[in-house]
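First up is the structure itself, then whatever we jot down about it.
For the numbers below, each heavy atom of this structure counts, side chains included, while hydrogens, waters and symmetry mates do not.
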Amino acid sequence: MTARPANHSTSKTSRRKPTVRHPARFFFERSLETLPREQLARLQLQRLRATLKNAYEHVPLHRARLDALGIGPRDIRRLEDVTRLPFTVKSDLRDTYPFGLFARPREQIMRLHASSGTTGKPTVVGYTAKDVDNWASLIARGLACGGARPGDLIHNAFGYGLFTGGLGMHYGIERLGATVLPMSGGMTERQVQMIIDLGARVLLCTPSYALNIAEVAEREGVDLRQSRLEVGFFGAEPWSESLRNEVQLRLGVKAIDNYGLSEIIGPGVAFECEAQDGLHAWEDHFLIEVIDPESGTPVAEGEAGELVISTLTKEALPMIRYRTRDMTRLATERCGCGRTHLRLKRVTGRNDDMLIIRGVNVYPSQIEAVLVGLPDLAPHYQLVVERRGSLDELTIEVEAAAVPASEKAEQMLAERVRHQVKSRVGVTAEVRVKNPGELPRSQGKAVRVRDLRPKAGRG
Ligand code: DLL
């Protein structure tokens, strides 16, 4: 293995963000990414009507719903009219499994992907050749937006296969004009070796797997901060600012958030720019709304709510007002990077992942934000939810950075965590301290919650 000295601080204690070389501003599709908002809105309206026509003419479920409301594609005269359209939800995909929401015959589908789903049947999604082509451009655009450049060597550790992460990113990397290393997930020692030996500048994986890579490297005595890595694109699961700091520090990269979901396209819906202040959602391809999940009505700008997305260019699987269940906030003020597309603030988690503990609503990522970075703890955790009597109880399993010197020391550590969580998130939890290495490590999407409640009574 060979490594060259990095051009940023390698001190473990430095919290300074590494600076990205290649400072010149670069756009993959400059004119589209910087389109004035009035023009963007005109394009969206035209594309929304075309999408509606596609869905109405080719998908029986959409036609039946629109007919029931007496709405046709021509009734959409202004963008705001989108709120008259019915929502589409995840169970619509399951109920019409496998191809019932496709607007093209199977023979015209170039690619299928599927998301495993924790219950029941998987969700199958499809792409025409044109969809695959658009997808690659959207990802190339996003990678450039976050600091990747043509000519970079990009180590893609998202899983290849039915998951949209691996192959979706793969074609985007090629479209950007970069070199792709199709690593897929797993075999972490090998990942470390390839990062060092081949000299990737950019790493792609989930944030929890990035941490696993960092940990394995440290165990093997390899300092990845000395490697050529400079940028990491992390996504596919919720993560906190604390985890961002941790990953930046341990890998010596600038960590860029990116968001997407299979039902809409996969990765490629929204990417952070180098400002790391919200994710630009590509509005020429997606119409973004944020609604109150209870009432279904739009929330005021900047308020938290459920993200709802309509696709504007998808041929095979047009989606009308898809309820993502993901909670976020919108920012439409102009971004310093010059892109005009609105930004999603960090996606905190799915509203079905929200726990209600003694009346307090809490997302796992809020607890993560408190735990990661606390002294004497490793940045690994699991939340265990149990039903005791009529109440839900939360136990937080944390991992000590080193085996505690005594039982007393362990109790004090647990007490410190309990206190921090109570004062910063407002939740009362038991804390169980595990020894180093005891909690499971992520290979892709981390499992943060072990829900031991009886299925019928879950919050
Ligand atoms: O995770 C697509 C993807 C691959 C995105 C690679 C980014 C990078 P699904 O497996 O369908 O697709 O899971 C989608 O993951 O609804 C969110 O709940 C969650 N998610 C994805 N990205 C983020 C993120 C891919 N950046 C589901 N922050 C979504 C928070 C995220 N949650």
Side-chain angles (χ1 to χ4, degrees), residues 41 44-45 47-49 51-56 59-96 100-101 115 117 119-120 123 125 238 259-265 269-270 278-279 281-283 285-312 314 317-332 342-356 359 361-363 365 458-459:
Q44 285 191 307
L45 180 58
R47 289 183 167 178
L48 178 64
R49 292 172 66 157
T51 297
L52 214 55
K53 185 166 183 293
N54 182 24
Y56 187 85
V59 185
L61 176 134
H62 291 311
R63 182 164 51 246
R65 285 193 182 157
L66 290 168
D67 280 346
L69 291 168
I71 303 175
R74 270 191 231 102
D75 295 318
I76 301 300
R77 293 178 207 285
R78 305 166 310 151
L79 268 183
E80 299 75 57
D81 291 337
V82 71
T83 56
R84 297 175 56 199
L85 298 174
F87 291 118
T88 308
V89 294
K90 177 125 187 152
S91 58
D92 292 331
L93 278 150
R94 296 230 168 89
D95 295 345
T96 57
L101 291 192
S115 67
T119 49
T123 305
V125 298
Y259 167 86
L261 67 167
S262 323
E263 296 89 329
I264 293 301
I265 198 164
V269 175
L279 294 77
W282 304 129
E283 290 183 273
H285 291 265
F286 309 107
L287 182 66
I288 303 290
E289 299 171 74
V290 175
I291 63 163
D292 175 337
E294 299 293 322
S295 68
T297 52
V299 299
E301 194 196 316
E303 270 180 32
E306 181 183 338
L307 178 64
V308 171
I309 307 179
S310 303
T311 62
L312 297 175
K314 286 279 289 297
L317 189 57
M319 275 293 174
I320 299 171
R321 303 194 86 202
Y322 185 72
R323 292 193 60 160
T324 65
R325 305 244 150 233
D326 290 320
M327 299 297 284
T328 188
R329 288 177 294 124
L330 292 188
T332 52
L342 61 71
R343 281 168 291 161
L344 310 180
K345 294 300 190 167
R346 199 175 263 291
V347 172
T348 47
R350 301 171 72 86
N351 52 20
D352 21 62
D353 289 343
M354 189 183 76
L355 304 169
I356 304 176
N361 299 354
V362 57
Y363 286 96
S365 59
R458 292 186 180 179

> When you look at Glu306 and Met327, which way does the side-chain contact (heavy atoms from CB on, under 4.5 Å) test go after all the steps?
Replying inline: CA-CA 5 Å; Glu306 181 183 338; Met327 299 297 284; 4.2 Å; yes
> Is Arg321 atom CZ crowded by more than 12 heavy atoms from other residues, nucleotides or ligands, each under 6.0 Å away?
Replying inline: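 Enclosed: over 12 neighbouring heavy atoms sit under 6.0 Å from CZ of Arg321.
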> For Lys53, does the NZ atom sit with more than 12 other heavy atoms under 6.0 Å from it, leaving out its own atoms?
Replying inline: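 12 or below, so no.
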Atom pair [atom1] ([X]) and [atom2] ([Y]), whose distance is rounded to the nearest 0.5 Å:
X: Glu289; Y: Leu330; atom1: CD; atom2: CG; value: 10.0 Å
X: Thr328; Y: Leu279; atom1: OG1; atom2: CG; value: 7.5 Å
X: Leu312; Y: Phe286; atom1: CG; atom2: CZ; value: 8.0 Å
X: Glu283; Y: Arg47; atom1: CD; atom2: CZ; value: 12.5 Å
X: Ile265; Y: Thr311; atom1: CD1; atom2: OG1; value: 8.5 Å
X: Asn361; Y: Leu355; atom1: CG; atom2: CG; value: 9.5 Å

> Would you call Arg65-Asp92 a salt bridge at under 4.0 Å N-O?
Replying inline: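 Here Arg65 pairs with Asp92 in a salt bridge, since their nearest N and O are under 4.0 Å apart.
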> Checking Lys345 side chain against Ala331 main chain: does a donor-acceptor pair fall under 3.5 Å?
Replying inline: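 Judged by distance alone, no pair lies under 3.5 Å.
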> Met319 and Leu93: side-chain contact (heavy atoms from CB on, under 4.5 Å), yes or no, with the steps?
Replying inline: CA-CA 10 Å; Met319 275 293 174; Leu93 278 150; 3.8 Å; yes
> Below 4.5 Å, heavy atoms only, C-beta onward: do Pro298 and Thr83 meet side chain to side chain?
Replying inline: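 Yes, at least one pair of side-chain atoms sits under 4.5 Å.
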> Do Ile291 and Arg323 have side-chain heavy atoms sitting under 4.5 Å apart?
Replying inline: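 Of all side-chain heavy-atom pairs linking Arg323 with Ile291, at least one is under 4.5 Å.
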> Quick one: which of Ile309, Thr88, Val308, Val82 gives a side chain to side chain contact (heavy atoms under 4.5 Å, CB included) with Ile320?
Replying inline: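 Single pass found, and it is Thr88.
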> Hey, which of Leu261, Leu317, Leu307 is the one that makes side chain to side chain contact (heavy atoms under 4.5 Å, CB included) with Tyr322?
Replying inline: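 The residue from Leu261, Leu317, Leu307 that satisfies side chain to side chain contact (heavy atoms under 4.5 Å, CB included) with Tyr322 turns out to be Leu261.
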Indicate the atoms forming the closest heavy-atom contact of [X] with [Y], along with that distance.
X: Asp352; Y: Arg325; value: OD2-CD, 2.8 Å
X: Asn351; Y: Pro293; value: ND2-CB, 3.6 Å
X: Leu66; Y: Pro86; value: CD2-CD, 3.8 Å
X: Gly260; Y: Val269; value: CA-CG2, 3.7 Å
X: Ala270; Y: Ala281; value: CB-CA, 3.8 Å
X: Leu79; Y: Gln44; value: CD1-OE1, 3.5 Å

> Applying salt bridge (Lys or Arg N to Asp or Glu O under 4.0 Å), which residue pairs with at least one partner in residues 68-78 are found, sequence neighbours left out?
Replying inline: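 Checked against salt bridge (Lys or Arg N to Asp or Glu O under 4.0 Å) - neighbours excluded - the pairs reaching residues 68-78 are Arg78-Glu80, Arg78-Asp81.
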>> Walk me through whether Lys90 and Thr123 qualify under side-chain contact (heavy atoms from CB on, under 4.5 Å).
In response: CA-CA 8 Å; Lys90 177 125 187 152; Thr123 305; 3.3 Å; yes
>> Could you go through Tyr259 and Asp326, starting from their C-alpha distance and side-chain angles, then the distance that decides it, and tell me whether this counts as side-chain contact (heavy atoms from CB on, under 4.5 Å)?
In response: CA-CA 10 Å; Tyr259 167 86; Asp326 290 320; 2.7 Å; yes
